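Worth saying up front: this structure is predicted, and the values here are computed from it rather than measured. Residues: numbered from 1 along the sequence shown.
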Amino acid sequence: MLFQTLFASASVRGTRPFRIWRRGTFWALATLGFAFTLRMTEWPCWQNPEYRLGNEWLLATHDAYHWVAGAEGFGLAAGHPMAEMLRLITKIAHSCPAVVAFWFPAILASLMACIVFAWVWAFGSMEAGFAAGLLTTLAPGFLGRTLLGYYDTDLVTLFFPMLMSLAPACWTMRYMLLPQMILRRLIISSGFTTARRLLPQPDKDGKTHPGHLGNPLRPHWVALLSLSGILSWWTQEWHSVFPYLIRYNIALFVFMGLVMAQRGRRALLMLGALAYALPALTGPAGLVCGLFLAWAGSKNGGTLRLILRRPAIPALLWLGTAVLFIQGEILTAIINHVNAYLKHAGDVKSTGAGTSLAYPSVAQSIIEVQDLGFTAILAYFHPWMEAAALGLAGFCIVVVRRPGALFLLPLAVLGLLSTKFGGRMVMFGTPVVAIGLTLPIYWLLQRLLRAEQGGAGVGALTSAILIALLAAPLVNIISDMSQGPMINRRHAEALTRARSITPEDGMLWLWWDWGYAAHHFARRATIADGARHAGPSLYLPAAVFATDNTRFARQLICYTANAGNQPGNVFEGMDSHAAQELMDRLRSPETALLETNRRQFIVVSFEMLRLGFWISNFGNWNFISRQGEGGALSIVPQALAYQLNSGAVQLEGGAGAVYASSISVFEETGVTRRNYVQEWFDANPDADLETQRDFFGETTKRAFFL
């Protein structure tokens with residue numbers, strides 16, 4: 001195993017440990033190199049002048065611009081580890097944040113292949129880990145979130161859980177009993193005997209029984225567990241998912257220490273688990289526990305070890321750990337995060353004084369949060385669903401033979417919860433499937449070929465078979481999955497110009513999807529962005545963009561500006577009736593025009609048209625009925641011809657003409673608009689009802705064209 005080799009090299013003279021590590025380094029670098037090379041097959045897809053603005057490539061995800069702006073010292077992301085990492089790499093590379101954000105996903109995703117390689121090496125075969133690493137980094141569910149230009153937290157929300165759990169998994173596999181041993185114990189025991197074996201009492205003389213599994217408090221192990229705990233504690237600065245994963249790891253330590261401990265060693269194992277638990281919950285202060293445990297596990301720590309093994313000591317330490325475990329309103333936070341991924345029709349927000357309002361829920365419109373069917377989940381693990389299903393089944397075998405794999409169980413659960421929490425979660429299951437495919441095949445070949453444990457040839461054969469059979473479909477889809485930038489060049493150029501033509505305290509009203517991009521290109525505050533796209537921050541800009549009443553849009557913008565440009569202040573203290581009454585009052589032509597001394601600017605782009613249904617649905621929200629009404633919007637893919645004089649539109653392949661209600665033609669020189677309905681009524685002011693019906697009859701189906 002990986003860490004067994006580490007300790008062997010530290011304590012045994014000779015060249016064998018060195019050769020093992022040299023071989024492991026070779027395979028790790030090979031995994032890294034191949035993963036990066038394969039991912040760079042996406043690069044030709046970016047050879048388009050429209051994908052660049054000046055010297056930088058436009059990025060592929062909205063959130064990437066959040067971290068880029070933070071690395072540049074602008075916005076809420078300034079000081080966040082994702083932004084700081086980008087800033088430091090930019091400084092080292094003598095580049096700019098947007099350029100580094102474009103390339104770095106391919107690098108970190110390749111490092112993800114290395115960490116999966118290390119897991120499979122820890123489970124028994126470094127050569128087989130080569131295939132597991134490649135299958136993980138190329139799996140559609142992970143690949144789709146880490147392509148070029150996808151600098152986002154998805155890069156670390158999978159990498160860190162795998163890294164921080166590796167040493168604890170190896171420690172438990174080294175010192176805990178296997179499940180089949182537990183089962184055998186239960187079969188041959190019964191009644192009081194079973195209870196006595198599972199809950200042994202310490203010997204009267206207090207002597208330790210190290211047994212064949214060795215000393216779990218060896219300083220090397222305590223150091224690794226403590227470092228893993230510190231890493232786990234630090235990851236909480238990166239993403240909100242890590243506090244939950246940390247608590248799962250600690251709970252798993254307790255479960256394994258109570259159920260899977262060798263007879264007479266439960267106290268030692270529970271003490272060893274504290275080397276991870278306390279630093280993970282308290283940070284550097286928890287390292288004090290690690291120092292005492294390392295001393296107790298050393299050759300000169302026999303006396304301290306006897307003291308710590310007294311039942312009251314581990315019990316008191318774990319009682320204090322339990323208090324730390326549930327502090328910080330963790331249960332409330334879990335419920336709030338789960339609710340954020342559930343698809344509610346409305347988003348209820350408190351407005352103060354015991355009142356609340358239901359706003360439209362943005363989760364319904366975000367693609368990555370939309371639910372997947374089970375068969376769709378399998379396709380994200382591997383294009384061949386049969387291979388994905390075998391990987392999930394194989395992971396169950398891995399858990400039985402390598403209990404350390406239980407540390408990966410939350411990732412498997414999150415991946416399968418894509419059926420309820422949305423497609424973004426599917427990437428968590430990709431290493432689980434890759435490991436479930438690799439190790440069972442390795443063990444099967446090992447038995448068929450009667451090879452020794454850890455046979456290099458069998459591992460290499462396993463990788464060769466898996467890559468030959470399963471890697472080709474993954475490589476072929478890389479270019480197909482490349483989606484290009486999330487913002488077009490003209491939009492980005494317009495936002496860049498906004499930096500010079502708007503005052504520094506100006507507020508940009510644009511759809512929240514491009515709020516982060518505006519932070520980077522325009523360096524201006526926005527009414528909404530990727531972190532503020534719920535409740536009033538969603539409704540207010542949607543109402544402005546969805547209305548056909550320009551006066552109402554102006555009134556709403558001025559009203560919000562006078563509320564400090566804080567959407568949350570607009571409806572403060574209002575219930576549903578008061579909020580709806582406010583909107584009706586602002587729509588009324590009898591309401592006096594509002595004035596504001598705050599500079600406000602509206603930014604629109606054609607990219608918003610594809611979101612037209614959702615923007616109109618959110619913008620037409622009724623606070624009393626708690627419903628919205630989205631307008632139908634279709635993009636005509638075929639060529640068309642139109643006549644501005646008559647409004648006739650001929651679609652390619654169409655049987656006849658469609659008469660438009662209005663046509664708006666956007667050209668470089670300006671905009672040409674014709675409203676045929678209004679023009680007809682202006683020309684026929686005395687038309688009777690029958691004539692009007694003829695105009696709007698079935699033979700003249702009318703639509704709006706842009």
Side-chain angles (χ1 to χ4, degrees), residues 1-7 9-10 24 28 81 108 111-112 114-123 129 156-176 214-239 241-257 260 268-297 317-318 321 324-325 402-411 428 431-432 435:
M1 288 185 188
L2 178 61
F3 288 104
Q4 284 179 307
T5 305
L6 172 65
F7 297 146
S9 62
L108 193 53
L111 291 174
M112 184 68 224
C114 281
I115 195 65
V116 174
F117 157 81
W119 272 86
V120 177
W121 181 6
F123 287 153
V156 297
T157 50
L158 183 58
F159 179 83
F160 277 145
M162 299 284 291
L163 181 61
M164 71 188 191
S165 302
L166 181 57
C170 292
W171 183 77
T172 56
M173 287 189 295
R174 169 64 177 158
Y175 296 109
M176 302 289 185
N215 176 18
L217 297 183
R218 290 179 62 184
H220 301 86
W221 279 116
V222 172
L224 280 172
L225 291 174
S226 298
L227 289 176
S228 297
I230 286 291
L231 175 63
S232 301
W233 170 79
W234 180 59
T235 59
Q236 297 176 99
E237 299 292 326
W238 291 75
H239 199 276
V241 72
F242 292 117
Y244 315 138
L245 296 178
I246 290 171
R247 282 159 176 79
Y248 171 82
N249 288 346
I250 294 172
L252 182 60
F253 265 124
V254 174
F255 171 79
M256 298 179 79
M260 304 177 68
L268 284 175
L269 294 175
M270 295 299 290
L271 287 170
L274 287 170
Y276 171 86
L278 289 178
L281 293 173
T282 64
L287 292 177
V288 176
C289 175
L291 293 175
F292 277 100
L293 293 175
W295 181 17
L317 290 173
W318 274 104
T321 303
L324 297 172
F325 188 93
R402 299 290 187 268
L406 287 171
F407 285 93
L408 300 179
L409 188 59
L411 304 184
F428 288 102
V432 169
I435 292 172

Okay, side chain of [X], backbone of [Y]: is any donor-acceptor separation there less than 3.5 Å?
X	Y	answer
Thr235	Ser232	yes
Thr172	Ala169	yes
Trp171	Pro216	yes
Glu237	Trp234	no

What's the spacing between [X] [atom1] and [Y] [atom2] if we round to 0.5 Å?
X	Y	atom1	atom2	value
Ser165	Leu252	OG	CG	9.0 Å
Cys289	Leu274	SG	CG	5.0 Å
Ile250	Tyr276	CD1	OH	6.0 Å
Leu287	Leu227	CG	CG	7.5 Å
Leu268	Leu217	CG	CG	5.0 Å
Ile246	Leu281	CD1	CG	7.0 Å

Just so I know, are the side chains of [X] and [Y] near enough to count as touching, which here means a heavy-atom distance under 4.5 Å?
X	Y	answer
Leu317	Leu271	yes
Asn249	Met164	yes
Phe160	Leu231	yes

Of the non-hydrogen atoms in [X] and [Y], which two are nearest, and what is the gap between them?
X	Y	value
Phe117	Ala28	CE2-CB, 3.6 Å
Pro161	Val156	CD-O, 3.7 Å
Met256	Pro403	CE-CB, 3.9 Å
Leu225	Gly272	CD1-O, 3.5 Å
Pro81	Trp238	CB-CE2, 3.3 Å
Leu245	Pro410	CD2-CB, 3.8 Å

- Query: Do you know which of Tyr248, Phe255, Phe253, Trp119 makes ring pair (Phe, Tyr, Trp, His ring centres under 6.0 Å) with Phe407?
  - Reply: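 So the option named by the test is Phe253.
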- Query: For Trp295, does the CH2 atom have more than 12 heavy-atom neighbours from other residues, nucleotides or ligands under 6.0 Å away?
  - Reply: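 No - once you tally the heavy atoms of other residues, nucleotides and ligands closer than 6.0 Å, there are 12 at most.
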- Message: Pair Leu269, Met260 - check side chain to side chain contact (heavy atoms under 4.5 Å, CB included), show working.
- Response: CA-CA 10 Å; Leu269 294 175; Met260 304 177 68; over 6 Å; no
- Message: Could you check whether Trp221 and Tyr175, counting side-chain N and O atoms only, form a donor-acceptor pair closer than 3.5 Å?
- Response: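 Trp221 and Tyr175 do have a side-chain donor-acceptor pair below 3.5 Å.
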